[in-house]
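For this chain, numbers begin at 1 and follow the sequence in order.
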Amino acid sequence: MEIDTFSPEETHAAGRRVAQDLEPGAVICLVGDLGAGKTVFAQGIADGLGIDEPVCSPTFTLIQEYGGGRLMLYHFDVYRIDEPWDMDDLGYEEYFYGDGVCLVEWGSLIEELLPENTIYVNIAKDNSKGFDYRRISIRGLELE
């Protein structure tokens with residue numbers, strides 16, 4: 001499935017829409033260049049789960065936990081992971097195989113650790129269609 005958005009608000013709304021179909025144990029691999037809108041999409045997912053607190057990219061903390069919604073959200077940013085096995089120190093398996101939703105920015109860097117049923121979301125820019133244009137490609141989740 002592909003969604004075209006033309007503003008940060010539309011990218012946020014796409015994340016909010018995806019969140020409606022997420023179930024406990026969902027793992028989302030979020031891929032896109034720097035500035036593609038991964039964090040805006042993540043904020044939409046949090047909003048769609050009913051999480052009220054501000055969501056930012058956990059670039060330096062590697063993981064942020066958000067509660068208060070219908071499911072816990074575990075937001076990873078693995079851009080600074082040297083080797084996939086460094087995830088062991090975070091106890092990633094408890095998150096990936098738990099009852100919350102895991103959103104993994106730069107998840108392709110640890111692809112061998114992701115569960116078989118991972119949802120892949122790729123966000124791509126195309127400035128020829130406008131500065132805020134994004135093509136969001138989703139694999140592994142059928143939206144109702």
Side-chain angles (χ1 to χ4, degrees), residues 1-51 54-59 61-67 69-144:
M1 161 186 304
E2 294 187 344
I3 301 170
D4 293 329
T5 66
F6 295 88
S7 69
E9 294 79 17
E10 288 182 6
T11 300
H12 183 277
R16 192 171 55 243
R17 173 63 191 94
V18 166
Q20 293 174 4
D21 293 326
L22 295 177
E23 298 179 2
V27 176
I28 302 164
C29 175
L30 193 52
V31 179
D33 292 336
L34 287 170
K38 294 183 299 297
T39 300
V40 171
F41 188 83
Q43 291 166 342
I45 287 180
D47 188 27
L49 291 173
I51 295 168
V55 172
C56 58
S57 183
T59 302
T61 57
L62 300 180
I63 184 170
Q64 292 282 357
E65 297 184 12
Y66 301 98
R70 75 175 174 89
L71 297 169
M72 285 290 295
L73 176 63
Y74 305 107
H75 186 189
F76 292 80
D77 184 328
V78 299
Y79 184 75
R80 287 181 165 58
I81 293 286
D82 290 325
E83 296 290 332
W85 315 117
D86 291 341
M87 293 290 290
D88 289 339
D89 295 336
L90 295 175
Y92 78 93
E93 288 180 324
E94 291 181 38
Y95 293 103
F96 286 6
Y97 299 99
D99 291 331
V101 170
C102 292
L103 181 61
V104 186
E105 293 192 37
W106 302 99
S108 58
L109 297 173
I110 60 162
E111 196 160 12
E112 59 267 38
L113 302 179
L114 297 174
E116 208 173 288
N117 61 343
T118 296
I119 299 163
Y120 289 86
V121 176
N122 185 58
I123 303 177
K125 300 187 291 185
D126 183 347
N127 288 336
S128 71
K129 295 184 179 185
F131 180 76
D132 289 325
Y133 171 82
R134 301 296 186 264
R135 161 98 7 128
I136 302 170
S137 302
I138 302 169
R139 187 172 42 120
L141 179 69
E142 294 299 322
L143 299 179
E144 294 180 12

Evaluation steps, side-chain contact (heavy atoms from CB on, under 4.5 Å), between Tyr74 and Leu103:
CA-CA 6 Å; Tyr74 305 107; Leu103 181 61; over 6 Å; no
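- Taking CD1 of Ile110 as the reference point, atom SG of Cys29 lies at 7.5 Å (rounded to 0.5 Å).
- Counting only distance, with no hydrogens or angles, the side chain of Lys38 and the backbone of Asp33 share a donor-acceptor pair below 3.5 Å.
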Derivation of the side-chain hydrogen bond (donor to acceptor under 3.5 Å, both in side chains) call for Glu65 and His75
CA-CA 6 Å; Glu65 297 184 12; His75 186 189; over 6 Å; no
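- Rounding to the nearest 0.5 Å places CG of Leu114 at 8.0 Å from CD of Glu112.
- Atom-to-atom distance recorded for Arg16:CZ and Thr11:OG1 is 11.5 Å, nearest 0.5 angstrom.
- Counting only distance, with no hydrogens or angles, the side chain of Arg134 and the backbone of Ala36 share a donor-acceptor pair below 3.5 Å.
- With Gln43 contributing its side chain and Val55 its backbone, the two residues share a donor-acceptor pair below 3.5 Å.
- Contact between Tyr120 and Glu111 at its shortest, heavy atoms only, is OH-OE2, 3.3 Å.
- Taking NZ of Lys129 as the start and CG of Asp4 as the end, the distance is 6.0 Å to the nearest 0.5 Å.
- Nearest heavy atom pair, residue Ala26 against residue Ile119, reads CB-CD1, 4.4 Å.
- The aromatic rings of Tyr95 and Phe76 lie perpendicular to each other, with more than 60° between the two planes, well past the 30° mark.
- Distance check, rounded to the nearest 0.5 Å: CG of Leu34 to NZ of Lys125 gives 8.0 Å.
- Listed for the Asp86 side chain is a donor-acceptor partner under 3.5 Å among the backbone atoms of Glu83.
- Residue Pro115 comes nearest to Phe96 through the heavy atom pair CD-CD2, 3.9 Å, listed as atom of the first residue, atom of the second, then distance.
- Between Glu23 and Val101 the shortest heavy-atom distance is O-CG2, 4.2 Å.
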Would you please test Tyr133 and Asn127 for side-chain contact (heavy atoms from CB on, under 4.5 Å) and show each step?
CA-CA 7 Å; Tyr133 171 82; Asn127 288 336; over 6 Å; no
Would you please test Leu62 and Ile81 for side-chain contact (heavy atoms from CB on, under 4.5 Å) and show each step?
CA-CA 8 Å; Leu62 300 180; Ile81 293 286; 4.1 Å; yes
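- The minimum heavy-atom distance between Asp99 and Pro24, with the atom names listed, is O-CB, 3.3 Å.
- Taken from CZ in Arg135 to CG in Asn122, the straight-line distance is 11.0 Å, to the nearest 0.5 Å.
- In this structure, Tyr97 and Val27 have side chains that are not in contact, with every pair of non-hydrogen atoms separated by 4.5 Å or more.
- Evaluated for a side chain to side chain contact (heavy atoms under 4.5 Å, CB included) with His12, the options Thr5, Asp47, Ile45, Thr39 yield exactly one hit, Asp47.
- Scanning all heavy atoms of the two residues, the minimum distance from Ala14 to Ile136 falls at CB-CD1, 3.9 Å.
- Applying the 6.0 Å contact sphere to CD of Glu2 captures more than 12 heavy atoms from other residues, nucleotides or ligands.
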Step by step, would you call Glu105 with Ile28 a side-chain contact (heavy atoms from CB on, under 4.5 Å)?
CA-CA 8 Å; Glu105 293 192 37; Ile28 302 164; over 6 Å; no
